[in-house]
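I have placed the structure first, in the form of structure tokens, so that the comments after it can refer back to it.
Naming: A, B, ... by sequence-line order, numbering from 1 per chain. This structure is a prediction, so every number in the text was calculated from the model and none was measured.
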Amino acid sequence: MKRNVAVVGVGHSKYGVRNDVSLPELAWESINMALEDAGLEQKDIEYVVVSNVGGWSSEPLSAVVINEYAGICPTGTVRVEAACASGSAAVKLAYDMVASGHVDIAMAVGVEKMNESPTPTVVEFIGRAGNYFWEFQNFGLTFPGYYALYMTAYMYKYGATEEDFCKVAVKNHYYGARNPKAQFQKEVTVEQCMSSRYIAWPIKLFDSSPITDGSAAVILASEEVAKQLTDSPVWIRAIGYASDTSNLSKRDTFTSLRAGVLAGEQAYKKAGIDKDKAVETIDVAEVHDCFTIAEVMAYEDLGFAKRGEGIEMIRNEETYIGGKIPVNLSGGLKAKGHPIAATGEGMIAELTNQLLSRVEKDRQAPIKNGYALAHNIGGTGHYAYVTILSLSKS
Amino acid sequence: MSREEKKTLKDMYDSQMKQFFEFVESMKKSLGVPMFPDMKSGKALYFDQREITLRFIISVENIKEFFNGLAEGKLLGTKCKDCNQLYFPPQKDCPRCRTSNMEWIELSKEGELLTFTQINVKPYSFSHYDDYIVGIVRLPEGINVTAWIRENDPKKLKPGMKMRLEIVKREPENYYTYEWVPVA
């Protein structure tokens, strides 16, 4: 029998170049915040899922290093990897532990310390995140390069321009400038974005999320326990998930991420939300904007816009507060930052705070229906997780 | 500037790393420990005294025909004799039929460009090359093939363009791979 599961505590570190802390110290920042938020102690946590992609950082068994540092030992634990969607995968596993009745309280903590390696090494590692043997070995694609293949296809198919995509960066920096946790707390203009250098044509530096250190933690509890802990639980109403081929050459379309579409449809169905009415139902969304093209495709993949009209949404500023549906009020991956495996928990922490109306005033979405959506993509649409949160249990 | 004197991204990466090593070594000498201040924030950092080199050894026993084919100027895929499904990259097994009843077939050397990008910021292991264009091309048999495109300016390309595949020697590594060439 499946049980209802609530978010009872969240923590979110400052994102950025965090040379002031080590990996376990960085994880502790958000673990401690989440414990405080939930009013719990380490001994209350019955299972910990750690998301950390690593490779670029020094501790390969990061889960046990973090748990030891945080005083959560000998609690059961595991480290998970779903590329940039690792954080949502961790939330999914923690959710399953509680929903299934295995435990009453579980924690998902994501952490990434990308600045432990020089940038060329990080570029190399992320470029290998696809099909290493067939697509990296000979052709040296990079992470921006994979998404650039989508941006080129989208521009030619729908007549979108580089300026249009820069408007996503402008919006996300606008909100990042209002988020004290964001890596970039500075507004940018379309002109600044357009004059930034190409990193993988047609993707420019300002179309791209940065290399980020950061952590985020989410504590989940069963309905019974949640009711004892808080008057304001945020319920996980649905999690949708899907994957796609490792080789990009095996994809049929380069204007949409199939895994994102499937994960979204699954989540909508489980939550009883009509995809065609998503925009009217959901108060606020965090979508996976690792590159500006990714945010535009997310609008369409999630049904916020029709095919080819995602670009209109950003041209018409429909995803700002006051528009059809506010998206990435945290600054998104673009401005808040993208600590690969912490991004998923970071989205859930942000949306929990949004639903409880406790974020900074000038980036708080009006909460009407009490629904929020997190869209977290791993790799180039290789993994996808869509999580729907709600203030109501059913 | 002659070709020999041209600075690659690798030269830049290497000279940055060399400067960094020299700085860290001088700090280590004076402090007795490999600790140094971050150039931007001044925060104390520790320089790892252990180094790892990753270079993998991968089995191609069941697809060696593919590599032998390249050396003979052919691009090969596999085809399931039970269901006729084509596989590129070539596979030993057909997951559809759950059989391994495959034959090797030569793929077309022509196709239509689906999409492309130019890699400007390159991974370290590709940083000795000039900026390169990567494209995905659809073959008439419905299979897509990713490879470099022989062109320096992405603005000269367009989805839908006809492309021809050539088996080429990749230099300076000196091994056979394949490349797309725009059909004029």
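Looking at A:L248, the atoms closer than 4.5 Å to chain B (heavy atoms on both sides) sit in the backbone and in the side chain alike. Contact annotation for A:D252: both backbone and side-chain heavy atoms come within less than 4.5 Å of a heavy atom of chain B. Of the two parts of B:R50, neither the backbone nor the side chain holds a non-hydrogen atom closer than 4.5 Å to a non-hydrogen atom of chain A. In this structure, chain B has a heavy atom under 4.5 Å from the backbone of A:R251, while its side chain stays farther away. Contacts between B:Y87 and chain A at a heavy-atom distance below 4.5 Å involve the side chain alone, from C-beta outward. Interface remark: B:L157 contributes backbone atoms only to the contact with chain A (heavy atom separation under 4.5 Å). Only the side chain of B:T177 comes within contact range of chain A, with heavy atoms under 4.5 Å apart. Neither the backbone nor the side chain of A:Y147 comes within contact range of chain B; no heavy atoms are under 4.5 Å apart. The part of B:I63 that comes within reach of chain A is its side chain, from C-beta onward, which places non-hydrogen atoms under 4.5 angstrom from that chain.
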* To do: Report the C-alpha distance between A:W201 and B:I133 in whole Å, list the side-chain angles of each, state the deciding distance to 0.1 Å, and finish with yes or no for side chain to side chain contact (heavy atoms under 4.5 Å, CB included).
  => CA-CA 9 Å; A:W201 184 95; B:I133 293 184; over 6 Å; no
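A donor-acceptor pair shorter than 3.5 Å can be found between the side chains of A:N138 and B:Y175.
For A:F136 and B:F126, the distance between ring centers is under 6.0 angstrom. Aromatic pair B:F116/A:F254: ring centres not closer than 6.0 Å.
Between A:T152 atom OG1 and B:L114 atom CG the span is 11.5 Å, to the nearest 0.5 Å.
Note on ring orientation: taking the six-membered ring where Trp is involved, the planes of A:F133 and B:F67 are perpendicular (angle over 60°, cut-offs 30° and 60°).
Applying side chain to side chain contact (heavy atoms under 4.5 Å, CB included) to B:K43 and the options A:V21, A:V17, A:D20 leaves one that passes, A:D20.
No other option in B:Y129, B:Y46, B:F66, B:F56 has as many heavy-atom pairs under 4.5 Å with chain A as B:F66.
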